[in-house]
Amino acid sequence: MSQDKHELLRTLPKMDQLLASKEAEKLREEFSPEMVKEFAETILDILRKFFLEGTMKNFDLEFFWHRVEDELQIQSEMQYARVINGTGIVLHTNLGRAPLGVAALDAIAYTATGYSNLEYDVEKGVRGSRYDHIEELLCRFTGAEAALVVNNNAAAVMLAVNTLAKDGEVVTSRGELIEIGGSFRIPEVVEASEADLVEVGTTNKTRVRDYASVVNEKTRMLLKVHPSNYRIVGFTEEAKREELVALAAEKGLVVVEDLGSGTLINTEEYGLSHEPTPAEVLKTGIDVVTFSGDKLLGGPQAGIICGKRKHIEQMKKNPLLRALRMDKLTLAALEATLRLYLNPERAKKEIPVLAMLSATKKDLAIRAKNLASRLRKIEGVRCSVQDGEGYAGGGALPQEALPSKLVVISSTCSSVEEMEEYLRIGPMPIIGRIQKNSYILDVRTIFDSDLDIIVQYIEEFHQ
Ligand SMILES: *Cc1c(COP(=O)(O)O)cnc(C)c1O
């Protein structure tokens with residue numbers, strides 16, 4: 001090391017000296033002494049490097065403490081944050097699927113900030129079950145004899161297979177051996193549930209006699225799976241639910257259906273094609289149906305299991321349930337969401353997923369025009385409203401585009417890539433897409449309360 005640099009380094013203050021200063025004292029009012037020390041050391045190390053490189057020659061005490069404070073502030077900021085969804089995909093898995101409604105949030109705040117009757121029967125004054133609060137409600141909506149809830153639908157399928165087919169064989173059509181996002185693969189889920197999967201039929205055609213041909217003394221379950229995020233079209237055939245139910249009755253097996261999204265409303269009312277509801281499925285005689293809480297239902301992440309009482313009771317006794325059980329915050333949000341379905345008109349307005357799916361062309365056009373006219377006032381912004389297509393997402397109705405309105409934005413002063421990045425990395429990230437040199441926001445998934453922020457950021461970008 002040269003003599004000069006050595007001399008320079010000696011001008012850096014000592015850590016003890018820094019920590020004894022009044023600036024350090026002030027930071028310790030807001031952050032722990034350990035944190036203040038840790039980040040003071042980190043910044044001092046960085047400055048030492050600048051001195052050695054020759055990129056810095058004077059130690060500025062004010063600059064030093066500003067940097068330390070910035071780092072400490074970053075530590076206290078939430079990394080897990082809200083974003084604005086401009087993709088038009090209502091159930092966007094990467095963006096957290098279903099946004100919760102006000103009723104769900106209120107229920108969480110009300111029950112979770114104090115004690116609750118989570119596992120206490122207040123009428124009898126004895127221990128109760130966390131599943132009792134919503135079982136009746138789920139039975140009402142699905143026509144099931146009994147119901148149970150777990151962490152997510154993957155857990156629901158595991159619990160059903162492990163309880164009803166452990167060490168035995170589970171028969172599934174080759175046309176239903178799906179993988180959905182986040183590495184949920186039916187063959188692996190069955191294996192992890194300690195059962196053996198037996199594939200039958202072909203990708204496009206499976207008949208009930210294919211199932212019948214593999215049934216033996218080890219067979220326990222026929223598992224039907226919603227194809228979720230893909231469709232086989234053309235020359236296809238699948239066994240009818242009634243046929244599977246009849247086969248199972250004859251051979252003493254259970255029939256379980258993983259319904260995936262699971263909707264409690266008729267999707268045709270939303271101009272979408274028909275999605276089978278849990279009630280329809282159970283009516284055909286299927287023993288147990290499972291579905292998600294945070295897909296078309298519009299509630300929190302959950303796995304809902306509905307069906308025959310004897311099977312549900314068996315699942316309640318499986319020790320796996322303890323590991324898969326739903327927490328109290330989710331339970332509150334799920335119950336509040338389900339109660340809205342007692343009045344479907346109210347559900348449509350107050351459950352955000354349903355409100356977004358049922359937004360009319362007129363609603364969307366108004367929102368798009370409003371946003372576009374505000375953006376056009378910004379110097380350097382070109383903006384138009386165009387027709388476009390969004391999707392339900394979340395494995396529901398993959399082929400069905402939802403006609404929507406797009407706000408198409410371009411900037412006369414910089415590239416669309418720069419604008420996209422600026423909007424994406426801000427304090428409230430905005431997720432849109434680039435298409436042919438324009439930045440596109442689909443207004444179906446944008447809340448009215450998001451509009452001010454979008455305008456503000458695009459304004460800032462053009463300053
Ligand atoms: C989404 C889905 C799952 C997984 O549900 P999670 O609630 O995400 O665990 C399982 N099966 C099907 C058919 C699905 O569509």
Side-chain angles (χ1 to χ4, degrees), residues 89-100 104 134 138 147-162 170 172-193 195 197 203 206 221-232 238 241 244 255-264 267 272-278 280-281 286 288-307 315 320-321 323-327 329-331 333-334 337-338 353 391-400:
I89 299 168
V90 177
L91 296 163
H92 197 302
T93 301
N94 301 143
L95 304 184
R97 283 197 194 155
L100 288 183
I134 56 174
L138 285 169
L148 181 59
V149 287
V150 287
N151 241 321
N152 55 18
N153 188 29
V157 176
M158 283 191 80
L159 184 65
V161 173
N162 182 267
V170 172
T172 301
S173 160
R174 289 199 170 88
E176 298 174 355
L177 294 177
I178 56 153
E179 168 174 324
I180 59 154
S183 68
F184 174 96
R185 298 175 125 192
I186 287 293
E188 286 160 23
V189 170
V190 171
E191 195 188 307
S193 313
L197 181 75
T203 307
T206 305
M221 179 186 291
L222 308 180
L223 176 64
K224 187 168 173 56
V225 185
H226 189 293
S228 194
N229 46 11
Y230 88 117
R231 289 289 176 276
I232 297 168
E238 61 177 331
R241 291 189 179 91
L244 295 179
V255 199
V256 173
E257 179 160 349
D258 169 9
L259 200 49
S261 202
T263 168
L264 299 182
T267 45
L272 301 165
S273 61
H274 187 73
E275 272 284 307
T277 64
E280 283 164 21
V281 169
I286 297 257
V288 171
V289 62
T290 76
F291 54 100
S292 292
D294 58 344
K295 290 185 178 172
L296 285 174
L297 189 94
Q301 179 187 303
I304 299 169
I305 311 172
C306 298
M315 287 185 224
L320 246 191
L321 177 60
L324 306 176
R325 82 176 185 188
M326 174 179 281
D327 79 297
L329 308 189
T330 313
L331 200 63
L334 184 61
T337 306
L338 287 169
V353 167
Y391 288 90
L397 311 154
Q399 290 172 311
E400 274 194 35

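One-based numbering, in listed order, for ligands and for the atoms of each. Keep in mind the model is a prediction, meaning the values are calculated, not measured.
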Answer yes or no: is there an ion pair linking R185 with E179, defined by an N-O contact shorter than 4.0 Å?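 E179 and R185: salt-bridged.
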D258 to ligand 1: N or O pair under 3.5 Å?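 In this structure, D258 places an N or O atom under 3.5 Å from an N or O of ligand 1.
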I need the nearest protein heavy-atom contact for [atom]: residue, atom name and distance, please.
| atom | value |
| --- | --- |
| atom 10 (C) of ligand 1 | N153 ND2, 3.2 Å |
| atom 8 (O) of ligand 1 | R97 NH2, 2.8 Å |
| atom 9 (O) of ligand 1 | A154 N, 2.9 Å |
| atom 7 (O) of ligand 1 | S292 OG, 2.7 Å |

As a check for students: among N151, I180, D294, identify the option with a heavy atom nearest to atom 3 (C) of ligand 1.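 It is I180 whose heavy atom sits nearest to atom 3 (C) of ligand 1.
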Per atom 1 (C) of ligand 1, closest listed option by heavy atom (E257, K295, H226, Q301):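 Considering heavy atoms of E257, K295, H226, Q301, the nearest to atom 1 (C) of ligand 1 sits in K295.
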Closest approach of [X] and [Y], non-hydrogen atoms and distance?
| X | Y | value |
| --- | --- | --- |
| G298 | T337 | O-CG2, 3.9 Å |
| T290 | A156 | CB-CB, 3.8 Å |
| S261 | K295 | OG-CB, 3.1 Å |

Are more than 12 heavy atoms, taken from residues, nucleotides or ligands other than E400, located less than 6.0 Å from that residue's CD atom?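 More than 12 within 6.0 Å, yes.
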Element-labelled atoms of ligand 1 that are located less than 4.0 Å from some non-hydrogen atom of [X]:
| X | value |
| --- | --- |
| S228 | 13 (C), 14 (C), 15 (O) |
| I178 | 13 (C) |
| G260 | 12 (C), 13 (C), 14 (C), 15 (O) |

Quick one: look at K224 and ligand 1, take heavy-atom pairs under 4.0 Å, and tell me if it's side chain, backbone, both or neither.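 Under 4.0 Å from ligand 1, K224 contributes no heavy atoms.
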Check V189, L197, V190 against S193 for a side chain to side chain contact (heavy atoms under 4.5 Å, CB included) and give me the one that passes.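 Answer after filtering V189, L197, V190: V189.
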With the side chain counted from C-beta on, respond yes when Q301 and N151 share a heavy-atom pair under 4.5 Å apart, and no when they do not.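 A side-chain contact under 4.5 Å exists here.
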Within this structure, what is the CG-CG distance for the pair D294 and L91, rounded to the nearest 0.5 Å?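 Nearest 0.5 Å value for the CG-CG distance: 8.0 Å.
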